[in-house]
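None of these values were measured; they are calculated from a predicted model.
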Amino acid sequence: KYSALSQSITLSGDLNRIKKRNMEMSVTYLYFSSKENTSGFHDLLSRHQDICHNITNEYASIDEVKQLDKINQKINTLESNTYNDIALMGARGNLNRGIEINANGYYQVVFENNTINLVVENDDGNYRYRIYDPEAGELVFRANSIDDGNKVLTSQLTKYVSATNQNNLS
């Protein structure tokens, strides 16, 4: 079973700004996941986007601008402190041989120029995998075993990397 969350893509000519924003969103996502509150993350992201939209269209209230400042401060605080709250473990393997994750946890899978955030949780005897990319959103799937989940994970990441590489070439 798959479900996905779409979100806005960062539009900026400043590559460093894009990378910083992606890292902020990644850390924020992992923090909320570690607190079992991904709905809080989605609410925060949605509110942030709504206010930014209002500012862009020049009809944001003073209260909304203050609220946006508070959200940005929260994200910046999380970026500098979150790694103390959650343990990031390295996934072994590569896309050609398969990704091997042996336990529930919070991961950042790095390949080529991409960093994908991954949460693996035991869900009533099954495993729930949540893959998050700040530029693409979240993909959630369930597997009966960690081995089955690793196979689906490898397949999904292989498709993602292939599509990303094709987009970067065009």
Close side-chain approach of [X] and [Y], heavy atoms under 4.5 Å:
| X | Y | answer |
| --- | --- | --- |
| H48 | N72 | yes |
| S61 | N54 | no |
| I146 | V120 | yes |
| L153 | F141 | yes |
| N122 | Y127 | yes |

Inter-residue atom distance [X].[atom1] - [Y].[atom2], 0.5 Å rounding:
| X | Y | atom1 | atom2 | result |
| --- | --- | --- | --- | --- |
| K70 | K66 | NZ | NZ | 8.5 Å |
| I55 | E64 | CD1 | CD | 7.5 Å |
| L68 | D63 | CG | CG | 12.5 Å |
| N126 | R142 | CG | CZ | 8.0 Å |
| S39 | D43 | OG | CG | 5.5 Å |
| L44 | Y31 | CG | OH | 11.5 Å |

Applying side chain to side chain contact (heavy atoms under 4.5 Å, CB included) to L118 and R130, what does each step give before you reach the verdict?
CA-CA 6 Å; L118 173 65; R130 291 187 282 129; over 6 Å; no

Does one side chain, of Y129 or N150, offer a donor that lies under 3.5 Å from an acceptor on the other?
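N150 and Y129 do have a side-chain donor-acceptor pair below 3.5 Å.
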
Run the side chain to side chain contact (heavy atoms under 4.5 Å, CB included) test on H53 and T56 for me, step by step, so that the C-alpha distance in whole Å, both residues' side-chain angles and the decisive distance to 0.1 Å come before the verdict.
CA-CA 5 Å; H53 175 77; T56 301; 5.6 Å; no

Before you tell me yes or no, could you show the steps for V119 and Y29 under side chain to side chain contact (heavy atoms under 4.5 Å, CB included), namely the whole-Å CA-CA distance, both residues' side-chain angles and the distance that decides it to 0.1 Å?
CA-CA 10 Å; V119 176; Y29 175 80; 3.9 Å; yes

Donor-acceptor pair, S155 side chain versus K151 backbone, under 3.5 Å?
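Looks like no, no N/O pair under 3.5 Å.
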
Looking only at non-hydrogen atoms, find the nearest pair between [X] and [Y] and report the distance.
| X | Y | value |
| --- | --- | --- |
| N104 | E121 | OD1-C, 3.6 Å |
| S145 | D148 | OG-N, 3.0 Å |
| A60 | V65 | CB-CG2, 4.3 Å |

Take Y132 and L30 through the test side chain to side chain contact (heavy atoms under 4.5 Å, CB included) and record every step on the way to the result.
CA-CA 9 Å; Y132 176 72; L30 290 173; over 6 Å; no

